[in-house]
Amino acid sequence: MNRSASLLLLITLPFAACVSTPEFKPSAELNVRTSETKTTIVGYSLNAQPIELRRYGWGPTRVLIIGLIHGDESEAYDKFDELWECLQRREYAGRLTLEAIPNMNPDGLAIGSRFNADGVDLNRNWPASNFAPHRRRGHAPLSEPETRAVHRVIDERSPDLIVVFHSASSGPFVDPDGPGEAAAEAFVEGARRTDPRWRVHADFTNPAGSLGSYAGLDLGIPTLTIEFRRGQSSDSAHEAAKSGLRVLFENLVNSNR
């Protein structure tokens, strides 16, 4: 599961508010080993809002967390900063590289919409083998700047595990894609300490153009779609995420000893 150091990403053009989406250019390589969070901007939304990437640690196993992709599913995102602080543990630093995109849909979040400013579902806009053009999926894969930005991160950083936060009326559950069932069981083990209803929903149907279809099924990256219960408090979502991720990360660390 070892990964060579990858390129970090920076925006090198000045911010141009609401005129056009600024161009993305990659930065030089960063090899600094640090137990502090490094934050960079990896892209902009249609309304020119920045999309951040946070990084902690330098371990061989890379984990990418996406805190929000649908703007009306913010149950766990509302306390994402607190969650990130809890995850920065020194015992992880040399064994895991934790990276997070807290919010890949800032325009949707601003208006409480599932979609981005162009009316596209960013979880249906991936270059998956099951993609089909639709006004809600986009005319082509990666037609949206937000999806392109996160796709570049996945392509450049080559994560070993992807965790994405959502919410659903049928939650709480974890939908694993690719070889992700063991990771899903570990998350559920931890999350059940806060709510016994957490379960693995392995037979969940993959929508066309979803991140789970692309990263999990097509690329073979273990991908966990974490579905919190729609409308649950941010406090309870935070506790479930914290407990679930800690058990998951402890399993990853122990497997690398």
When you group the ILVMFWY residues by side-chain heavy-atom contacts below 4.5 Å and let the links chain together, are [Y] and [X] in the same group?
X: L211; Y: L219; result: yes
X: V120; Y: V164; result: no
X: L245; Y: V253; result: yes
X: L96; Y: W84; result: yes
X: F249; Y: V200; result: yes

Quick one: are the ring centres of F228 and W198 less than 6.0 Å apart?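 Yes.
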Close aromatic pair by centroid cut-off 6.0 Å: H70 and F115: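 Judged by ring-centre distance (under 6.0 Å), H70 and F115 do not meet the cut-off.
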Pairing of R62 and E99 as salt bridge, 4.0 angstrom limit: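 Yes, charged N to carboxylate O under 4.0 Å.
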Is the shortest side-chain N to carboxylate O distance from R137 to D121 below 4.0 Å?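 Salt bridge flag = no for D121 with R137.
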What is the minimum heavy-atom distance between [X] and [Y], and which atoms define it?
X: Q88; Y: T37; result: OE1-OG1, 2.7 Å
X: D107; Y: L46; result: OD2-N, 3.4 Å
X: S167; Y: E75; result: OG-OE1, 2.9 Å
X: A93; Y: Y56; result: CB-OH, 4.0 Å
X: V42; Y: R152; result: O-NH2, 3.6 Å
X: F173; Y: H201; result: CD1-CB, 3.4 Å

Please check this pair: side chain of [X] against backbone of [Y], looking for a donor-acceptor N/O pair closer than 3.5 Å.
X: S243; Y: G190; answer: yes
X: N254; Y: E250; answer: yes
X: T40; Y: E52; answer: no
X: R124; Y: S210; answer: no
X: N125; Y: T147; answer: no
X: R54; Y: I101; answer: no

Under a 3.5 Å threshold, yes or no: a donor from one side chain and an acceptor from the other, between N206 and D177?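 There is such a pair between these side chains.
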Could you check if a side-chain atom of [X] sits within less than 4.5 angstrom of a side-chain atom of [Y], using non-hydrogen atoms only?
X: N105; Y: N103; result: yes
X: W126; Y: V150; result: yes
X: H139; Y: H134; result: no
X: I51; Y: E146; result: yes
X: Y214; Y: F131; result: no
X: I221; Y: L161; result: no
X: L224; Y: D175; result: no
X: I162; Y: V63; result: no

Sequence neighbours left out, what passes side chain to side chain contact (heavy atoms under 4.5 Å, CB included) with S74? Give chain and number order.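 Applying side chain to side chain contact (heavy atoms under 4.5 Å, CB included) to S74 gives L68, Y77, D78, L109.
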Among L98, I226, L87, which residue satisfies the side-chain contact (heavy atoms from CB on, under 4.5 Å) criterion with I65?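 Output: one option passes, namely L87.
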Please list every donor-acceptor pair under 3.5 Å in which a side-chain atom of residues 178-188 meets a protein atom from a residue at least two apart or in another chain.
none

Euclidean distance, [Y] [atom2] relative to [X] [atom1], rounded to 0.5 Å:
X: L122; Y: S143; atom1: CG; atom2: OG; value: 9.0 Å
X: H151; Y: L142; atom1: NE2; atom2: CG; value: 5.0 Å
X: T223; Y: L217; atom1: OG1; atom2: CG; value: 8.0 Å

If a pair satisfies salt bridge (charged side-chain N to carboxylate O under 4.0 Å, His left out) and one of its residues is in residues 218-235, list it, with sequence neighbours excluded.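 For residues 218-235: E73-R230, K79-D235.
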Dump the intermediate steps for side-chain contact (heavy atoms from CB on, under 4.5 Å) on R199 and V174, then the final yes or no. CA-CA 6 Å; R199 67 197 189 279; V174 180; over 6 Å; no
With side-chain contact (heavy atoms from CB on, under 4.5 Å) as the test, would you mind laying out the steps for N123 and R114 before giving the verdict? CA-CA 10 Å; N123 196 37; R114 176 185 183 90; 5.7 Å; no
Got a sec, which residues hit side-chain hydrogen bond (donor to acceptor under 3.5 Å, both in side chains) with E189, two or more places apart in sequence or on another chain?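 Scan of E189 (side-chain hydrogen bond (donor to acceptor under 3.5 Å, both in side chains), adjacent residues dropped) gives none.
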Which residues satisfy the side-chain hydrogen bond (donor to acceptor under 3.5 Å, both in side chains) test with E144, sequence neighbours excluded?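 By the side-chain hydrogen bond (donor to acceptor under 3.5 Å, both in side chains) rule, E144 matches N116.
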With sequence neighbours excluded, what pairs up with D195 under the salt bridge (charged side-chain N to carboxylate O under 4.0 Å, His left out) test?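 R197.
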